[in-house]
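Keep in mind it's a predicted model, so treat the numbers as computed, not measured.
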Amino acid sequence: MSVRCQHLLVKWKGSRNPVSRRTNKGTDDVSEEAAKAELDKYLTRAKAGEDFGALCNERSDCGSYASNGDLGFFSKGQMQKPFEEATFALQIGEIGTVLSDSGFHIIKRTG
């Protein structure tokens, strides 16, 4: 079984690779609390119905920002375990959050 999702990643100084792929700037000065607060702002906007792909493009620290956060289809064992578990637990169209070694994610399952 495979799933598809978009995600918005907010990195912080504790991320395994603390560099934004969108800005190419380090996140060494971003605290865990600040990253979570930033994520919560975007989660509120996503749940209010704003275009999730546009939000990903605007803010995500993942290189997938350029494709509106789309990670394409993936199967179990291809992503970090917390991210994988959170994505597989969502229904298509549902939005959730998770913390992984990469940072804080908002995930929208799309397939």
Subject >> Any donor-acceptor pair under 3.5 Å from K11 side chain to T27 backbone >> reply: no

Original post:
Is any side-chain heavy atom of M1 less than 4.5 Å from a side-chain heavy atom of S75?
Top reply: no

**OP:** Any chance you could lay out the side-chain contact (heavy atoms from CB on, under 4.5 Å) test for H7 and C56, step after step, and finish with the verdict?
**Re:** CA-CA 7 Å; H7 83 125; C56 295; 5.9 Å; no

**OP:** Could you walk me through whether H105 and T97 pass side-chain hydrogen bond (donor to acceptor under 3.5 Å, both in side chains), step by step?
**Re:** CA-CA 5 Å; H105 307 259; T97 62; over 6 Å; no

Original post:
Is the side chain of S20 donor-acceptor paired with the backbone N or O of T23 at a distance under 3.5 Å, no angle test?
Top reply: yes

Original post:
With distance as the sole test, does Q6 use its side chain to make a donor-acceptor pair with the main-chain N or O of L71 at under 3.5 Å?
Top reply: no

Subject >> Nearest atoms (heavy-atom pairs only) where S15 meets G103 >> reply: OG-CA, 3.8 Å

Subject >> Side-chain ion pair, R45 and E58, N-O less than 4.0 Å >> reply: yes

Original post:
Do any N or O atoms from the side chain of S60 and from the backbone of C62 form a donor-acceptor pair under 3.5 angstrom?
Top reply: yes

**OP:** Identify the heavy atoms of F73 and S2 that sit nearest to each other, and give their distance.
**Re:** CD2-OG, 3.8 Å

**OP:** Using a strict cut-off of less than 4.0 Å between a Lys/Arg side-chain nitrogen and an Asp/Glu carboxylate oxygen, indicate whether D61 and R22 qualify as a salt bridge.
**Re:** yes

Original post:
About how many Å separate CD1 of I106 and NZ of K47, when rounded to the nearest 0.5 Å?
Top reply: 9.0 Å

Original post:
Relative to the ring of W12, is the ring of F104 parallel (under 30°), tilted (30 to 60°) or perpendicular (over 60°)?
Top reply: tilted

Original post:
Are F52 and Y42 connected in a single hydrophobic cluster, I mean Ile/Leu/Val/Met/Phe/Trp/Tyr linked by side-chain heavy atoms less than 4.5 Å apart?
Top reply: yes

Original post:
Between F83 and F74, what is the ring plane arrangement, given parallel below 30°, perpendicular above 60°, and tilted in between?
Top reply: tilted

Original post:
Shared ILVMFWY cluster between L99 and V30, side chains joined below 4.5 angstrom?
Top reply: yes

Original post:
Are the side chain of E85 and the backbone of P82 linked by a donor-acceptor contact shorter than 3.5 Å?
Top reply: no

Original post:
Does M79 belong to the same Ile/Leu/Val/Met/Phe/Trp/Tyr cluster as V98, with side-chain heavy atoms less than 4.5 Å apart forming each link?
Top reply: yes

Original post:
If only atom types and distance count, is the side chain of N68 paired as donor or acceptor with the main-chain N or O of D70 below 3.5 Å?
Top reply: no

Subject >> S102 side chain near R16 side chain, heavy-atom distance below 4.5 Å >> reply: yes

Original post:
Should K81 and E84 count as an ion pair when the cut-off is N to O under 4.0 Å?
Top reply: yes

Original post:
Can you tell me if E38 uses its side chain to pair, donor with acceptor, with the backbone of A35 under 3.5 Å?
Top reply: no

**OP:** Taking S100 for its side chain and Q80 for its backbone only, find out whether a donor-acceptor pair lies under 3.5 Å.
**Re:** no

Subject >> Partner of I95 under side chain to side chain contact (heavy atoms under 4.5 Å, CB included), chosen from I107, L90, L43 >> reply: L43

Original post:
Is a side-chain N or O of T110 found less than 3.5 angstrom from the main chain of R4, in a donor-acceptor match?
Top reply: yes

Original post:
Hey, are the side chains of L8 and Y65 touching, using non-hydrogen atoms and a 4.5 Å cut-off?
Top reply: no

